[in-house]
Each structure stands twice: as structure tokens, then as C-alpha cells.
Protein chains: 2
Amino acid sequence: MSKPPVPDPRRTLTLRDVSEASGVSEMTVSRVLRNRGDVSEATRERVLEAARSLGYVPNKIAGALASQRVNLVGVVIPSLSNMVFPEVLTGVSEVLEDTGLQPVVGVTNYSPDREESVLYEMLSWRPSGLILAGLEHTEAAQAMLAQAGIPIVEIMDIDGSPIDSAVGISHRRAGRKMAEAIIAAGYRRIAFLGTQMPNDHRARKRLEGFEEALARVGLSLADREFYSGGSALLKGREMTEAVLKRTPDVDFLYYSNDMIGAGGLLYCLDAGLDVPGKIGLAGFNGVELLDGLPRRLATMDACRLEIGRRAAEIIAGKRPEGLVGGEVIELFPTLQPGDTIRPT
Amino acid sequence: MSKPPVPDPRRTLTLRDVSEASGVSEMTVSRVLRNRGDVSEATRERVLEAARSLGYVPNKIAGALASQRVNLVGVVIPSLSNMVFPEVLTGVSEVLEDTGLQPVVGVTNYSPDREESVLYEMLSWRPSGLILAGLEHTEAAQAMLAQAGIPIVEIMDIDGSPIDSAVGISHRRAGRKMAEAIIAAGYRRIAFLGTQMPNDHRARKRLEGFEEALARVGLSLADREFYSGGSALLKGREMTEAVLKRTPDVDFLYYSNDMIGAGGLLYCLDAGLDVPGKIGLAGFNGVELLDGLPRRLATMDACRLEIGRRAAEIIAGKRPEGLVGGEVIELFPTLQPGDTIRPT
DNA sequence: CTCAGCTATGTTACCGCTAACAGCCATTTG
DNA sequence: CAAATGGCTGTTAGCGGTAACATAGCTGAG
């Protein structure tokens, strides 16, 4: 009634302020605020009331230092602008939600050096775990991660050797499967259209697997076209036009992602081409966007949500059974033939 | 030559380890690692070498606590899955890049309560500043923010009263402008198709401004349709179909965002409707995706990149001139008529 | 009535780092 | 040559919490 509720508006509040306001020790306040240890109902109420009326917000920096526990999980991904990683994040958040752990994201823009510095920054906050996309990292980054002493989960890809655990799909196999489906459907003059980015290892591996499967039946790519930057949908149109002009007899277009594939599909439809009769198309990822297109693009989902979930479960220690880390979880994407590949 | 480089692989390294390895005090190591104060070139080299070979990563938790400085900027946004906020983030990152500040994002899913808890979590890390979307917050959240003692920038919207600073556009005005353009082009039977989400205040304000402008010339909406969840492109198709079936004589469809607008456009084209002759369409946001569509949807860009940049500049203290905070920066979106609105 | 056995609270010693200041040595200056 | 100067390094005292242990009441069994 008589005490001014805010003694000094500029100084930021500490446990001591709450402790003084409620007449108990700082330790007891700390216990109340964390629901740790026995505190009588009466003091609990009093402390909570004091904390609330002061507007006290605990200082996790101090808490983390003292307890040597940080409730953060670093999530390091190449990009936020192509729908695939946000979905991974959704999976991660879902699982972490009720574990007291909180994801913190870092973006590398597909640059290994940037990844290295983002990792350094992350590790300097001593997170409880780290989830990062891909298996390819700078040497320094690998060393840091190995030394960190926390669970590390590399996601998206399992074609390589993980530092600790890994959750993902085999992109090489995904490329192979798609090639096999295309060949089985009778297409023979096949072109690849994809990202130029030298550091998109997963797209590269898909292409490798794809070509390998072609080679196995004596085929090779009829054409290939690369791009970088710009609107994916528009790029897809442009690239498709370029390929069709240069190699008019192609009968299949394999895109490295759904977005450019969708652009290509729109181009083909605009051009009045017979899809999938004369020409077939396929992408990769299984993005939701495709559902609204005039025709459903063939694709392969990358299990993004599931990857996020599994990775988070490993970090949260919710491992299936008695596993200690260092496990590799392979997921298997399913082919969605859509309407752009001839039925066999 | 003789010392084992990694004394105890399980314990995590501290300044003391580096200090012992290089034969100087912890303080000197700290100075070297932060480039602060004078250190002779010789010791600097020695310390850096030791730190590198040990694989030392500084503990920012301890550093932040000791120095009372945290190089983090909280960015709290409603969603990551619709392209608009990632672009804001890009702007923020761009500016923060060379300030030593690092963005940390939190996602609220358009839930005020979730926003409140995300803010609490953020503030408990004592960031140097906070950027958050929207002007509407729970009472508790407002109190926290006002007490926090750090720069707060509310972004996207300026129709309301900010806690501290604000950077954004007037959505009410944006809605009005679009309505005026539509009316000027001669459309009269106008329908609105948009998000149901009760907490998307910006969409709500656009609609309010839109209806206000209609009312001013004696018009009112011929129909309205709301949705929630699901694939935006597909939803756009479905909603458009529903509206056209229910109110066959509409001659304009105003969508609350470009994604559903694009779906609607694809639907109209599929249905062979005369766009923009018999029916016009418009969206909002100016997303890159539209560039690849068969016809360019009329839209209004939301200045997302610029908003992110300006907000970050305020936090980074790069204010134009001698401003102390509490400023409101209004940006003005431009109408992009595209191909889906009759030329006047 | 006494004391083990609780429960509820307080005390002490850090967590790993940095601000502030102190000290040392080699130069420079008058 | 003493004193002032300046460059480099070390010492001390926290930052705001929490772990671990200590202690004060209170209860009920013997």
C-alpha cells in the first residue's frame, strides 16, 4: 500500500529486489521462480505477487552461468527463403515445445565460412545441443563441433559421415529413384535444370544419383541448365524455355527443386505442350505450393517435418531406446507422381 | 612440442586454460580475444596461437554477465512460412551484420499469449534491443516491454500507438488506396477474400481501409470469404470458386495476400475468365513469386526489406540524426497494377 | 520430555568473464 | 638524474544467479 512499486525505473531488477519486496532470501525467491525445492504455499504466493507487481524478469544469463545449464538448441540452416527449412523448424519447435528447450536459428546462406562463424557464435552461448543442415563443413567447424561436448545432429542428408548423429534422407538414392521412375515411364531424352550453387551438396548428390541411374541403362543427360539467384518461379520458366529452344527433342525435365519445377510447368502449359504425354516434369521437395497449380508436379517429399522432429528428439534425449548418440536415422522419401509423369 | 594439446577432452575450456597454455594472465587473454586495450604483438600472437590450438571458444554467457552487455537483438514475428517475414529478417541481418549485433528470432504463430511468452523468454536474455511485429500486444507484454529499458521497435504497422519506436506502413491507407484504384478502373461489384485469423490485425486494417473507401463512393462489398490454414495457393482457388459460384456477378476480387490471390488468378485463368476485362484481381505484399505467374497479379508491396533495415538501424543506433528513440517511420507502399486490373 | 526426522528457509562459494584500477618497466623530459 | 609519461600486464571485485550444504522450527515416536 505504501511502498512505491518501482523503486528505480532505470535500474533493471534483480532477485534481490524481489527478495526485499517479499521479505525472504534471494534463494527462496529463486526457488519459487523455478518451482524447485519445497517452499510453503504462503511464501510462494507472496514472492510471486512481489515478482509480478515489480515486473521482474529473471536474468537467464546469470542463471545459466551459475547452473551451467542453457536451455537453448542451436539450429543452423542455409536459408529461410525457400519454405523447406521453415518446415524443418516447425518440426523442431513442435518437439522442443514441452522440454523447456528453445531453438535459436542461424542462417548461413549456403556459405561454409559463414557457417563456421555462425557455429562459433552459437557455441559461445554454450547451447545444450546443435542441429545443423548438411554433412559438409569447414575443417575448423568440424573441429569445433567435435570438441563442443554437446549432442550434434546433422540433418537433411545422410550420404557422408556425421560428426555425431544424423537424420535425413539419401539424396543420391532419391535422385536414383526418380531417374528409375522416369525411365520406367518411357522417357529417354532427359534434361536436368537446377541450382548453380556450388555449396548445395544435396542438390549435387541428387544429380549424381540421377545420372548414375541413367548411366546404368545406357542413358545420359540430353541437356542441363543451371541458375543462381532470382525468383525461382520465373527462373524456372526462363530455364525451361532455354532448354526447349536449345534441345527441342527433350521429353523430360528434371528440376532440382519444386519451385523452378513449378515455373517450368507453368511455362509448358502456357506453351500448350502436351504434359505428360510429349514431355514430363519432376521436381523435388514436395512443397505445399504445388497443390494449387493447374496440374500437380511430380516430386519427392524430403521428409522435412519428420527430420526436424527426429533431430529435436535426439537433442531432447527422447531417443527411442537406450541409444547414446552417434546414431544415424535414415528416412525414405516417397515418390509422388502427380500429373506430370506418364503413368506406366 | 611436449605439452598435450588437449589436457582433458571432457571439461570445456576456459580462459584459464588458454592463459596457462600461453603463460599470461587471464585478463591479457581476454584482452587479446576481444581486441581491447593494448597488448604487445608478441603476446597477442602467443595467445592467439594457444587459443587456436586448444580450440577455445569464449563463453559469452560469462562475458555478458560480467560486462553487462549482450550483443543480441530479439526479433519477434508471427510466422516464418509466408515469405514476408523472412524478407524482413534479411533486411535486419543486412544492417546488423557489421555492428557486432546478432538477431535472434522468435515466432508467435499469431497468438498473443505465445507472443507474451516469447517476449518474456527473450527479455530474460537481456538483449540490446527488440524488434517485434505489430502494435497489438497483451497488457502484460506491453508492461514488460515498457519496463525493459532497451530500444523497442514495432514493425510492419503504424496504425496505432507504439511503445517506443515504430517502422511500417499504414495498412488502413493501403487498403484505401487499393480500393480507390479499383473504383477508378470502373469495377463495382467487389468481393473480399482473406484470412480468418482474428489476430492478423494488419489484414483487418487493410480491409477496414478498403471498405471505408468503398463506402465513400456509396459502395459496399458484394461478397466476402474467409479461410484459415491450409495451402494458400489451393485455398485461393477454392475460395475464388466459392465466391464466383455464390455471387456470379462480382467483377473484382480483392485478396488479403498475394498467395491466395495467385491461387485465385490461376483459377480464373483455368476457368477461361476474361482477366482483367470481366473480372479484376488484386493481392497484397508484392511477393517475388508473382513474377513467374502467367499474368502479373496487381498488388502493393509492403516494404518488407526496408522495414527490416530501418528497424535494425534504430536498434543499432544508426539513427538519421540526433533522434533519441520514440520515433515513428512511415513508409509508403506503391501500387503495382500488374495485368489483373483494367487500365484506367 | 527428548530426539530423530521432516520441512522451510538461509548461507556460502562459486560459474567464467570483464571493468577498474594498480603496478612495473623502459623511455622521455626538464 | 629524478620525475613524468606511456605501454603492457596483473590483481581485485564483482555481474546475478544457483548448487550444496547448513540451520531453525515443528512434529511425533519412544
Side-chain angles (χ1 to χ4, degrees), chain A residues 8 11-48 50-51 54-72 100 121 123-128 148-149, chain B residues 8 11-48 50-51 54-72 100 121 123-128 148-149:
Chain A
D8 182 350
R11 202 173 49 79
T12 100
L13 298 162
T14 74
L15 265 194
R16 154 156 263 107
D17 296 292
V18 182
S19 115
E20 282 170 359
S22 55
V24 297
S25 72
E26 300 175 37
M27 195 61 229
T28 300
V29 175
S30 170
R31 280 194 271 252
V32 170
L33 264 29
R34 286 176 301 145
N35 289 312
R36 203 62 56 85
D38 301 308
V39 180
S40 75
E41 197 47 40
T43 40
R44 154 170 273 103
E45 293 286 308
R46 205 141 41 87
V47 168
L48 286 177
L54 289 174
Y56 172 71
V57 177
N59 185 331
K60 290 216 177 173
I61 306 254
L65 182 60
S67 68
Q68 304 282 51
R69 261 183 274 104
V70 182
N71 68 337
L72 298 177
E121 189 77 13
L123 288 178
S124 74
W125 288 101
R126 302 285 188 269
S128 304
Chain B
D8 182 350
R11 203 174 49 77
T12 100
L13 298 163
T14 74
L15 265 194
R16 152 154 265 109
D17 296 291
V18 182
S19 115
E20 283 170 0
S22 55
V24 298
S25 72
E26 299 175 37
M27 195 60 228
T28 300
V29 176
S30 169
R31 280 195 272 251
V32 170
L33 264 29
R34 286 176 301 146
N35 289 311
R36 202 62 57 86
D38 302 309
V39 180
S40 75
E41 196 49 40
T43 37
R44 154 169 273 102
E45 293 285 309
R46 205 140 41 88
V47 168
L48 285 177
L54 289 173
Y56 173 71
V57 177
N59 185 333
K60 290 215 176 173
I61 305 253
L65 183 61
S67 68
Q68 304 282 47
R69 261 184 276 105
V70 182
N71 69 337
L72 298 177
E121 189 77 14
L123 288 178
S124 73
W125 287 101
R126 301 286 188 270
S128 304

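These numbers come from the heavy atoms of this one structure, side chains and all, not from hydrogens, waters or symmetry mates. Being a predicted model, the structure only gives us computed values, none of them experimental. Protein chains get the first letters and strands the later ones, always in sequence-line order, with residue 1 at the start of each.
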(Q) So B:Arg69, base contact, sugar-phosphate only, or nothing? Heavy-atom distance under 4.0 Å. (A)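 B:Arg69: backbone/sugar contact only, no base atoms under 4.0 Å.
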Return the value, rounded to whole Å, for the distance between atom [atom1] of [X] and atom [atom2] of [N].
| X | N | atom1 | atom2 | value |
| --- | --- | --- | --- | --- |
| B:Asp17 | C:dC15 | CG | P | 12 Å |
| B:Asn71 | C:dT18 | CG | P | 12 Å |
| B:Glu45 | D:dC8 | CD | P | 14 Å |
| B:Glu26 | C:dC17 | CD | P | 8 Å |
| A:Asp38 | C:dG5 | CG | P | 18 Å |
| A:Arg46 | C:dA8 | CZ | C1' | 12 Å |

**Q.** Nucleic acid contacts of residues 27-36 of chain B, taken as heavy-atom distances under 4.0 Å to DNA chain D
**A.**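 Residues of residues 27-36 of chain B under 4.0 Å from DNA chain D: B:Met27, B:Thr28, B:Arg31.
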Q. Is the number of heavy atoms from other residues, nucleotides or ligands under 6.0 Å of A:Arg34 CZ greater than 12?
A.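 Enclosed.
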Q. Counting only side-chain N and O atoms of A:Ser40, is one of them less than 4.0 Å from OP1 or OP2 of C:dT7?
A.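 Checking A:Ser40 against C:dT7: no side-chain N or O falls below 4.0 Å of OP1 or OP2.
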Q. Does a nitrogen or oxygen in the side chain of A:Thr43 sit under 4.0 Å from OP1 or OP2 of C:dT9?
A.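 Yes, because at least one side-chain N or O of A:Thr43 sits under 4.0 Å from OP1 or OP2 of C:dT9.
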Q: Apply side-chain contact (heavy atoms from CB on, under 4.5 Å) to B:Lys60 and A:Glu121, showing your working.
A: CA-CA 9 Å; B:Lys60 290 215 176 173; A:Glu121 189 77 13; 2.7 Å; yes
Contact summary for [X] and [Y], nearest pair of heavy atoms:
| X | Y | value |
| --- | --- | --- |
| A:Ala50 | A:Ser22 | CB-CB, 3.9 Å |
| B:Arg31 | B:Gly37 | CD-CA, 4.5 Å |
| A:Val70 | A:Ala64 | CG2-CB, 3.9 Å |
| B:Val24 | B:Val29 | CG2-CG2, 3.7 Å |
| A:Arg126 | B:Leu13 | NH2-O, 3.8 Å |

Below 4.5 Å, heavy atoms only, C-beta onward: do [X] and [Y] meet side chain to side chain?
| X | Y | value |
| --- | --- | --- |
| A:Ile61 | B:Gln68 | no |
| B:Thr14 | B:Asn59 | no |
| A:Thr43 | A:Val32 | no |

Q.
For the CZ atom of A:Arg36 and the OG atom of A:Ser30, what is their distance to the nearest 0.5 Å?
A.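 That separation rounds to 9.0 Å.
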Q: Return the angle between end axes of the helix from C:dC1-D:dG30 to C:dG30-D:dC1, with five pairs used per end and rounding to 10°.
A: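 End axes: 50° apart.
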Pairs: protein N or O with nucleotides 14-16 of chain D N or O, under 3.5 Å:
{"from": "D:dC15", "atom 1": "O3'", "to": "B:Gln68", "atom 2": "NE2", "distance (Å)": "2.8"}
{"from": "D:dC15", "atom 1": "O2", "to": "B:Leu65", "atom 2": "O", "distance (Å)": "3.4"}
{"from": "D:dC15", "atom 1": "O2", "to": "B:Ala66", "atom 2": "N", "distance (Å)": "3.1"}
{"from": "D:dG16", "atom 1": "OP1", "to": "B:Gln68", "atom 2": "NE2", "distance (Å)": "3.2"}
{"from": "D:dG16", "atom 1": "N2", "to": "A:Ala62", "atom 2": "O", "distance (Å)": "3.2"}

